[in-house]
Amino acid sequence: MKERLRAGIPDYILSLIDVLANAHHRGYAVGGCVRDLLLGRVPDDFDMTASAHPEALIEIFTGAGYKVIPTGLAHGTVTVLAEGHPVEITTHRTDGSYTDSRHPDAVTFTESVEDDLARRDFTVNAMAYHPEIGLIDPFGGQRDLADGIIRAVGEPCQRFGEDALRILRCFRFAAKLGFEIEEHTLQGTAALAARLRDIAVERILAELCKLLEAPGAVRALLAMDRAGVLPYVLPDTVPDRALIEALDALPSEAELRLAALLSRTGTAAAEALCRRLHASNAFIKQVGGYLAALAAPLPTDAYTARRFLCHHFGQEEGGLALHRALNGKDVAEALALVRQVRRDRTAVELRRLALNGRELQEQVGVPPAETGKLLLYLQDQVWREPACNRRETLISLARQYLQKENNRV
Ligand code: ATP
Ligand code: MG
């Protein structure tokens, strides 16, 4: 395992460690990158912790020719640009008391890397590595990695009480790594679940999305359900076991999986919940769009496939996946039809009709109030027979339509 560590630390991080060593300080790779390297995974990024105070970090790295951004001086963090990679370097610190379940009231800088590791959330995230000293692992992180266990550093209730977001991080890492949650840690999540009320909704949504996209999402959500954590994440609409288990049959896209979890609540309520979690408009639109596609009938021929594609463009494949995962429908034929009309480009949108509203009014004499309805009629005709999408044909179809309407009156 340890050879993987040495081989996996990129040169730009080793150079930063050297720069610190020349200034008589120690810098370590820390947290997620050490965990991921030990697991043989490629880390998303490399974070460091160092013995130097933030002002000293700025001076040392600026002096060595690096660009340094003071991203979080109060918490001891600076970002150093190393060969184009932004590397967060945080002074070893202990966190003071917490009054809001989220932010330490004060942080204290310390000389000891072990003290810094003690403030971290889980044993597997509380390891540091230095190329000459080796792995620093005071809480048995390596053992828990080998055993597949998420375990809080220290007393779980105290740690979740300090920062309730750790409750969701616990399930998220279990989902991401496919790990079990150690019994006391799990009990801690149940005991402190209500503290999630203190956490900003944006952070809750961000954790939820990462969890939903992780390979072990179903098991983690079931564990959250048993621990009583779900109501603090999805208030009013706690999904049942069958809905949660259906996620395994869906692609791992957060919006799609969230749509599945909220599928019994109705589109409006689902969108309202996303809004309460301060999701972006694009996110809300995607979730609502998936639920609309789920509510629509499955396409059975080219015409209905064109209509489906037009009405649910961007959510067409996810929508079909929902039909399959939640309603047990065989969607193979529908999917083939939808892909075919997408390739043919025969699912003509209104703006691609060969005749626009103004032309309809001028050429056929349609009153403005009737124009929208008539355009939709023409579009429907084009979906039935794409060859109709020619100006002359549409004009004559429009005339026939008006004639019929007049005869009816
Ligand atoms: P990911 O691969 O998802 O980024 P990560 O472990 O790098 O995983 P980050 O959120 O980037 O997670 O945090 C970096 C490190 O900082 C963690 O590994 C952990 O040591 C520490 N950490 C982050 N958030 C907390 C927290 N809320 N409480 C305690 N320690 C934390
Ligand atoms: Mg990270």
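Because only heavy atoms are used, hydrogens play no part in the values below, and waters and symmetry mates are left out as well, while side chains stay in.
The side-chain contact (heavy atoms from CB on, under 4.5 Å) with Arg151 is formed by just one residue from the set Glu183, Glu180, Glu182; it is Glu182. The side-chain contact (heavy atoms from CB on, under 4.5 Å) test with Tyr129 is passed by exactly one of Ile13, Val34, Ile17: Val34. Across Arg339, His311, Arg342, a single residue satisfies side-chain hydrogen bond (donor to acceptor under 3.5 Å, both in side chains) together with Glu316, and that is Arg342.
Within the 4.5 Å cutoff, the side chain of Leu320 has heavy atoms near those of the Val338 side chain. You'll find the side chain of Ile9 stays beyond 4.5 Å of the side chain of Pro131, heavy atoms only. Residues Phe61 and Ile89 have side chains in contact (heavy-atom distance under 4.5 Å, counting atoms from C-beta outward). No side-chain heavy atom of Val113 sits under 4.5 Å from any side-chain heavy atom of Val30.
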Self-check item: Derivation and outcome, side-chain contact (heavy atoms from CB on, under 4.5 Å), residues Leu230 and Phe171
Solution: CA-CA 11 Å; Leu230 269 189; Phe171 293 103; over 6 Å; no

Self-check item: Criterion salt bridge (Lys or Arg N to Asp or Glu O under 4.0 Å) on Arg351 and Glu349, from CA distance to verdict
Solution: CA-CA 5 Å; Arg351 62 185 168 77; Glu349 305 107 302; 3.0 Å; yes

Quiz item: Can Arg26 and Leu20 be said to form a side-chain contact (heavy atoms from CB on, under 4.5 Å), step by step?
Solution: CA-CA 6 Å; Arg26 278 203 180 132; Leu20 284 164; over 6 Å; no

Exercise. Any chance you could lay out the salt bridge (Lys or Arg N to Asp or Glu O under 4.0 Å) test for Arg203 and Glu207, step after step, and finish with the verdict?
Key: CA-CA 6 Å; Arg203 287 173 173 272; Glu207 284 300 325; over 6 Å; no

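A side-chain donor-acceptor contact under 3.5 Å links Asp301 and Thr304. In the model, Thr346 has a side-chain atom that pairs as donor or acceptor with a side-chain atom of Arg306 under 3.5 Å. For the 3.5 Å distance criterion, the side chains of Asn407 and Gln403 fail to qualify, holding no donor opposite an acceptor. Under the 3.5 Å distance criterion, with hydrogens and angles disregarded, no donor-acceptor pair is assigned to the side chains of Gln381 and Glu385. With no hydrogens or angles considered, no side-chain donor-acceptor pair links Gln361 and Arg358 at under 3.5 Å. Neither side chain, Thr71 nor Glu88, offers a donor N or O lying under 3.5 Å from an acceptor on the other. A donor-acceptor contact closer than 3.5 angstrom is absent between the side chains of Thr237 and Thr265. Side chains of Asp115 and Thr94: a donor-acceptor N/O pair is absent below 3.5 angstrom, by distance only. Between the side chains of Glu253 and Tyr290, a donor-acceptor pair is found at a separation under 3.5 Å.
For His85, the NE2 atom counts as densely surrounded, since its 6.0 Å shell holds more than 12 non-hydrogen atoms of other residues, nucleotides or ligands. Heavy-atom contacts from other residues, nucleotides or ligands closer than 6.0 Å to CD of Glu333 number 12 or fewer. At most 12 non-hydrogen atoms from other residues, nucleotides or ligands lie less than 6.0 angstrom from CZ of Arg219. Within a 6.0 Å radius of CZ in Arg352, more than 12 heavy atoms belonging to other residues, nucleotides or ligands are found. Around atom CD of Glu155, more than 12 heavy atoms belonging to other residues, nucleotides or ligands sit under 6.0 Å away.
Rounded to the nearest 0.5 angstrom, Phe122 CZ and Leu145 CG are separated by 13.5 Å. Annotation: the span from Thr91 atom OG1 to His25 atom NE2 amounts to 9.0 Å, rounded to 0.5 Å. In this structure, the separation between CZ on Arg93 and CZ on Arg119 is 4.0 Å, given to the nearest 0.5 Å.
For Asp380 and Arg384, the salt-bridge test passes: some basic side-chain N is under 4.0 Å from an acidic carboxylate O. The pair Glu359-Arg391 counts as a salt bridge, with a side-chain nitrogen and a carboxylate oxygen less than 4.0 angstrom apart. Asp240 and Arg264 are joined by a salt bridge, as a carboxylate oxygen and a charged side-chain nitrogen come within less than 4.0 angstrom of each other. Classification of Asp95 and Arg120 as a salt-bridged pair fails, no side-chain N sitting under 4.0 Å from a carboxylate O.
Across every non-hydrogen atom of Ala193 and Gly228, the tightest pair is CB-O, 3.9 Å. Taking both residues in full, the closest heavy atoms of Leu337 and Ala305 are given as CB-CB, 3.8 Å, listed atom of the first, atom of the second, then distance. Residue Asp236 comes nearest to Arg276 through the heavy atom pair OD2-NH1, 3.4 Å, listed as atom of the first residue, atom of the second, then distance. In this structure, Ala82 and Val87 approach most closely via the heavy-atom pair CB-CG2, 4.3 Å. Scanning all heavy atoms of the two residues, the minimum distance from Val153 to Thr123 falls at CG2-N, 3.6 Å. Of all non-hydrogen atoms in Asn389 and Val382, the two that sit nearest each other are CB-CG1, 3.8 Å.
Judged by the 6.0 Å and 45° rule, Arg166 forms no cation-pi pair with Phe160.
For Tyr377 and Tyr401, the gap between ring centers is short of 6.0 Å. Between His92 and Tyr28, the ring centre distance stays below 6.0 Å.
Without hydrogens or angle criteria, Asn281 side chain to Phe283 main chain gives no donor-acceptor distance under 3.5 Å. Thr62 contributes a side-chain N or O that, together with a main-chain N or O of Ile58, makes up a donor-acceptor pair within less than 3.5 Å.
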